[in-house]
Amino acid sequence: MKENDFKMSIGVFDSGMGGISVLSELIKLMPNENYIYYGDSNNAPYGTKTVEEITKLSINACDFLISKGVKAIVIACNTATSASIKILRNKYSIPIIGMEPAIKPAIEISTDKKIVVLATPITLAEKKFENLVNKLHANEKVIKVPAPELVEIVESGDINSNMVKQQIQHYFCDINMSQVGFVVLGCTHFIFLRDMIQEVIGKEIDLVDGNEGTARHLKDTLLTLGLLIHKNNNDTQVKFFNSIDNDKILNLSKQLFKYITNSNRHI
Ligand code: DGL
């Protein structure tokens, strides 16, 4: 891919590897687009940083993507969205699409059951989350579970070990699961642990995430602006960048991408 070919791609950004799960959903829905992924693994995790720090890092990442000539940016990170989406939208003139923990779909289906939201400490503590829960009148239903350890696990790439299962079990040990109908994955890193989380909570409890909603939001936005590529492109380009610029991290990004797009379940 020549440098010029990046122009009019879709930029996707996350604190590290998590947004690769969103990237996979974007490609499913918009297969004719080209994509540039930027992971800020050098500064991950974001979920335990201050709002000011996260905003600064998010601006750096968006500046990088803008310098490549992208036509839209997906903030594929619930934490960065909570902390800085307003500032980013004010700063840049291209569409900036964020993430939102998928409480709404869970509320629409769930009757009297509780909804566990697994996310980073910042996402759960921010005003944006409180506003969402209030808007949906879900205060009584939502159980917040901060799970920063899972971010580090995904960043290390060691997603299948027994230790991961123990960590997930630990989050749920004090919750009466017979009252729970849904678990919302409110962090894009956790999608890589979906199978193991489902194994721990059991098949009767539904797992939901916001990836598809974000992909639909971007597609609608590009359609409205006349920016969506309709012409069949059998050669979609995906280019990975990371703030840790070495082969190990770029290879892990590609392995996780293959894993999540189902072309290779073992990494
Ligand atoms: N992937 C990010 C999210 O969706 C956060 C991970 C982090 O703490 O860096 O919230």
Side-chain angles (χ1 to χ4, degrees), residues 1-44 46 57-81 88 91-99 151 154-157 159 188-189 191-192 211-212 214-219 221-222 225 227-264 267:
M1 197 178 190
K2 292 193 279 353
E3 188 68 19
N4 235 5
D5 297 339
F6 290 130
K7 296 240 179 303
M8 297 305 275
S9 296
I10 293 168
V12 183
F13 148 64
D14 178 51
S15 63
M17 300 291 152
I20 293 172
S21 68
V22 184
L23 173 66
S24 141
E25 204 62 45
L26 299 173
I27 295 172
K28 237 193 264 171
L29 202 64
M30 288 157 283
N32 301 322
E33 302 289 336
N34 294 317
Y35 295 87
I36 302 178
Y37 185 86
Y38 181 78
D40 191 11
S41 295
N42 197 30
N43 294 300
Y46 278 15
L57 294 168
S58 301
I59 289 174
N60 284 346
C62 288
D63 281 348
F64 173 79
L65 291 169
I66 297 266
S67 77
K68 297 284 178 199
V70 297
K71 63 180 170 186
I73 294 177
V74 176
I75 310 294
C77 176
N78 289 267
T79 308
T81 302
L88 299 176
K91 189 171 166 60
Y92 303 104
S93 56
I94 60 168
I96 309 280
I97 310 294
M99 301 294 305
V151 175
V154 174
E155 283 298 300
S156 75
I159 61 176
T188 54
H189 279 71
I191 316 298
F192 291 101
N211 285 9
E212 201 194 323
T214 293
R216 268 192 277 111
H217 186 183
L218 175 65
K219 187 175 181 182
T221 306
L222 294 180
L225 296 173
L227 290 174
L228 190 75
I229 299 179
H230 296 280
K231 202 175 83 192
N232 271 354
N233 174 6
N234 296 324
D235 191 26
T236 291
Q237 306 275 356
V238 181
K239 177 84 182 162
F240 288 97
F241 291 93
N242 196 292
S243 52
I244 300 178
D245 188 15
N246 67 28
D247 286 349
K248 193 170 162 234
I249 206 90
L250 291 174
N251 286 338
L252 178 61
S253 305
K254 288 176 190 168
Q255 279 177 320
L256 285 169
F257 179 64
K258 272 192 195 158
Y259 173 84
I260 208 72
T261 48
N262 273 329
S263 51
N264 180 357
I267 64 166

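Keep in mind it's a predicted model, so treat the numbers as computed, not measured.
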>> I'd like to know whether T214 forms a side-chain contact (heavy atoms from CB on, under 4.5 Å) with E25, so could you lay out the CA-CA distance, the side-chain angles of the two residues, the decisive distance to 0.1 Å, and finally the verdict.
In response: CA-CA 9 Å; T214 293; E25 204 62 45; over 6 Å; no
> Considering residues at least two apart in sequence or located in another chain, which fulfil the ring-ring contact (aromatic ring centres under 6.0 Å, His included) criterion with F192?
Replying inline: none
>> Which residues pass the ring-ring contact (aromatic ring centres under 6.0 Å, His included) test with F64, not counting sequence neighbours?
In response: Y38, F241
>> For N251, give me all partners under side-chain hydrogen bond (donor to acceptor under 3.5 Å, both in side chains), at least two apart in sequence or on another chain.
In response: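 With neighbours one apart ignored, the set is empty.
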> Considering residues at least two apart in sequence or located in another chain, which fulfil the side-chain hydrogen bond (donor to acceptor under 3.5 Å, both in side chains) criterion with N211?
Replying inline: S21
>> Can you list everything that forms a salt bridge (charged side-chain N to carboxylate O under 4.0 Å, His left out) with K91? Sequence neighbours excluded, please.
In response: none
>> Please enumerate all residues that pass side chain to side chain contact (heavy atoms under 4.5 Å, CB included) together with S156, with sequence neighbours excluded.
In response: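 By the side chain to side chain contact (heavy atoms under 4.5 Å, CB included) rule, S156 matches D158.
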> Does I244 have any side chain to side chain contact (heavy atoms under 4.5 Å, CB included) partners at least two apart in sequence or in another chain, and if so, which?
Replying inline: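 Result, side chain to side chain contact (heavy atoms under 4.5 Å, CB included) vs I244: S41, N42, N242, N246, I249.
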Under 3.5 Å, side-chain donor or acceptor atoms of residues 70-81 against the rest of the protein: list the pairs with distances, not counting sequence neighbours.
{"from": "K71", "atom 1": "NZ", "to": "E33", "atom 2": "OE1", "distance (Å)": "2.7"}
{"from": "K71", "atom 1": "NZ", "to": "L227", "atom 2": "O", "distance (Å)": "2.6"}
{"from": "N78", "atom 1": "ND2", "to": "G186", "atom 2": "O", "distance (Å)": "3.1"}
{"from": "T79", "atom 1": "OG1", "to": "T120", "atom 2": "OG1", "distance (Å)": "2.8"}
{"from": "T79", "atom 1": "OG1", "to": "T123", "atom 2": "OG1", "distance (Å)": "3.3"}
{"from": "T81", "atom 1": "OG1", "to": "C77", "atom 2": "O", "distance (Å)": "2.7"}
{"from": "T81", "atom 1": "OG1", "to": "M99", "atom 2": "N", "distance (Å)": "3.1"}

> Does some side-chain heavy atom of L57 sit less than 4.5 Å from a side-chain heavy atom of F13?
Replying inline: no
> Restricting to pairs with a member in residues 246-256, which pass salt bridge (Lys or Arg N to Asp or Glu O under 4.0 Å), not counting sequence neighbours?
Replying inline: none
> Nearest heavy-atom pair of S15 and H189: which atoms, and what distance?
Replying inline: OG-CE1, 3.5 Å
